[in-house]
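Everything below concerns the one structure shown next.
Owing to the predicted nature of the structure, the values given are computational and were not obtained by experimental measurement. We count ligands from 1, going down the list as the structure has it; atoms in each ligand are counted the same way.
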Amino acid sequence: MQQIQSALTPVFDLAVRLFHWLQVLLLGGLWYSAEQEWYGIHQLLAYTLASLLGARLIWGLIGSDTARFRHFVPGFRQLRHYLATKTPAVGHNPLSALMILALILLVALQFFSGLMTTDEVMTEGPLYSLVPDWLSSLAGSWHELGFNLLLGLVALHVLAAVLHQWRGDRVISAMWHGRKVLPANTPAPQLLNSFKYLLLALILFCGLMGWQGSALWPQVLTDLQTIGVL
Ligand code: HEM
Ligand code: HEM
């Protein structure tokens, strides 16, 4: 933590904001590509999201103050204090932190279940034939059910964010431009350069492409031909 602040202060780094809004776009693309049965594109989007998420988890250990899990994941006492006082938080508030953890968990489960799923026509996740039948069938059911659960939690998450924004907390604006008005004398969080986050995401993406790229790119090309882009 640095100086004393009272005006519009940077609280969220580029990594957190980029991860958040790219995740929203990618989840939309994942849903749409599954609806259209473009499973090559579906997998490519999933590997991109997994790289951003994996890098965000590491950033949660080594990143800026407000990106770190130990900064925003509340203990029981902090949660009770927040519920009793509703003191504005510098970064994520303790209640939305719980929702954030649930959303991250569901997105991760969606990714891992996808790896074990098949459409029973052309596409098999790379772990499908490696795991026992009961596990791939469980993963297949979860892949559909888990997404609906995710949509339900996202609806709550957005509703809460809109309510906070409307009441003047301006959390959506903060998630967009990164700045918040903090009460006078509140120490500003230390924000790091997000280049390392992007580098981590790129390394993870290259790793995933090294693992699955040769199987994936022909499927992506077929999808692009089906769509008429190529
Ligand atoms: C697919 C949909 C969404 C998912 C999975 C999602 C997930 C998340 C996650 C994981 C975070 C924590 C970000 C981090 O620390 O890296 C977050 C924060 C946040 N999200 Fe979303 N989000 C979604 C859509 C939205 C939308 C549409 C809005 C606004 C209209 C929104 C508003 C916010 C706000 C305001 C925060 C910060 C909350 C706080 O500071 O307490 N989210 N979201
Ligand atoms: C976070 C990442 C992912 C999301 C949000 C996601 C989302 C979805 C959704 C919404 C469906 C349609 C479910 C239904 O109504 O049947 C679907 C189907 C499918 N997904 Fe994913 N998926 C993800 C990752 C993956 C991955 C990594 C793979 C494989 C490598 C994969 C392979 C498939 C397959 C094969 C289907 C068709 C399943 C069927 O026909 O029953 N998905 N996915």
Side-chain angles (χ1 to χ4, degrees), residues 11-13 15-50 52-53 55-57 59-60 63-64 66-69 71-73 82 88-128 136-137 139-148 150-151 153-165 169-176 180 197 208 211-212 215-216 219:
V11 291
F12 292 124
D13 60 22
V16 164
R17 292 177 287 135
L18 211 56
F19 161 65
H20 184 262
W21 296 112
L22 285 177
Q23 173 184 239
V24 174
L25 290 179
L26 286 165
L27 283 170
L30 277 154
W31 166 78
Y32 190 71
S33 56
E35 287 291 303
Q36 300 300 319
E37 301 186 357
W38 300 332
Y39 288 117
I41 292 178
H42 187 73
Q43 292 176 65
L44 182 61
L45 297 181
Y47 290 128
T48 309
L49 179 54
L52 291 167
L53 179 61
R56 175 65 185 92
L57 294 178
W59 197 243
S64 307
T66 47
R68 291 196 187 207
F69 296 114
H71 182 276
F72 71 83
V73 175
Y82 173 74
V90 172
H92 300 315
N93 83 53
L95 205 51
S96 75
L98 295 184
M99 175 61 92
I100 286 169
L101 291 184
L103 291 171
I104 287 179
L105 180 70
L106 282 185
V107 172
L109 283 176
Q110 197 65 27
F111 176 71
F112 285 114
S113 61
L115 296 178
M116 298 174 229
T117 298
T118 178
D119 67 345
E120 285 167 3
V121 188
M122 299 280 286
T123 314
E124 275 182 10
L127 301 184
Y128 175 73
S136 55
S137 129
S141 309
W142 179 264
H143 205 62
E144 192 177 344
L145 183 79
F147 191 73
N148 291 330
L150 178 65
L151 288 183
L153 288 194
V154 164
L156 270 180
H157 169 70
V158 174
L159 189 71
V162 170
L163 275 178
H164 275 275
Q165 177 83 12
D169 290 354
R170 304 219 150 259
V171 285
I172 301 177
S173 315
M175 211 50 190
W176 184 253
K180 254 188 197 175
Y197 168 78
L208 287 169
W211 178 44
Q212 283 302 309
L216 181 61
Q219 297 181 57

side-chain hydrogen bond (donor to acceptor under 3.5 Å, both in side chains) partners for Ser33, two or more places apart: His42
With a sphere of 6.0 Å drawn around [atom1] of [X], does it hold more than 12 non-hydrogen atoms of other residues, nucleotides or ligands?
{"X": "Glu120", "atom1": "CD", "result": "no"}
{"X": "Glu144", "atom1": "CD", "result": "no"}
{"X": "Arg17", "atom1": "CZ", "result": "yes"}

With atoms numbered from 1 as shown, which atoms in ligand 1 lie under 4.0 angstrom from a non-hydrogen atom of [X]?
{"X": "Val16", "value": "14 (C), 15 (O), 16 (O)"}
{"X": "Val24", "value": "2 (C), 3 (C), 23 (C), 24 (C)"}
{"X": "Ser96", "value": "38 (C), 39 (C), 41 (O)"}
{"X": "Val158", "value": "25 (C), 26 (C), 27 (C)"}
{"X": "Asn93", "value": "41 (O)"}

Starting from the N and O atoms of ligand 2, collect every protein N/O partner closer than 3.5 Å and put each pair on its own line with the distance to 0.1 Å.
{"residue": "ligand 2", "atom": "20 (N)", "partner": "His42", "partner atom": "NE2", "Å": "2.9"}
{"residue": "ligand 2", "atom": "20 (N)", "partner": "His143", "partner atom": "NE2", "Å": "2.9"}
{"residue": "ligand 2", "atom": "22 (N)", "partner": "His42", "partner atom": "NE2", "Å": "2.8"}
{"residue": "ligand 2", "atom": "22 (N)", "partner": "His143", "partner atom": "NE2", "Å": "2.8"}
{"residue": "ligand 2", "atom": "42 (N)", "partner": "His42", "partner atom": "NE2", "Å": "3.0"}
{"residue": "ligand 2", "atom": "42 (N)", "partner": "His143", "partner atom": "NE2", "Å": "3.0"}
{"residue": "ligand 2", "atom": "43 (N)", "partner": "His42", "partner atom": "NE2", "Å": "2.8"}
{"residue": "ligand 2", "atom": "43 (N)", "partner": "His143", "partner atom": "NE2", "Å": "2.7"}

For [Y], does its backbone N or O pair with a side-chain atom of [X] as donor and acceptor, under 3.5 Å?
{"X": "His143", "Y": "Gly114", "result": "yes"}
{"X": "Trp21", "Y": "Met175", "result": "yes"}
{"X": "Gln43", "Y": "Gly125", "result": "no"}

Tyr128: partners by side-chain contact (heavy atoms from CB on, under 4.5 Å), with sequence neighbours left out: Thr118, Glu124, Ser136
Test side-chain contact (heavy atoms from CB on, under 4.5 Å) applied to Pro126 - qualifying residues, sequence neighbours left out: Tyr47, Leu115, Trp211, Gln212
How does [X] reach ligand 1, by side chain, by backbone, by both or by neither, if only non-hydrogen atoms under 4.0 Å count?
{"X": "Val171", "value": "both"}
{"X": "His92", "value": "both"}
{"X": "Gln165", "value": "neither"}

So is Trp21 in contact with ligand 1, going by heavy-atom distances below 4.0 Å? yes
Quick one: does Phe12 get within less than 4.0 Å of ligand 1, heavy atoms only? yes
Leu53 side chain reached by Phe111 side chain, heavy atoms, under 4.5 Å: no
Report yes if some heavy atom in the side chain of Tyr197 is under 4.5 Å from a heavy atom in the side chain of Val16; otherwise report no. no
Any N or O of Lys180 closer than 3.5 Å to N or O of ligand 1: no
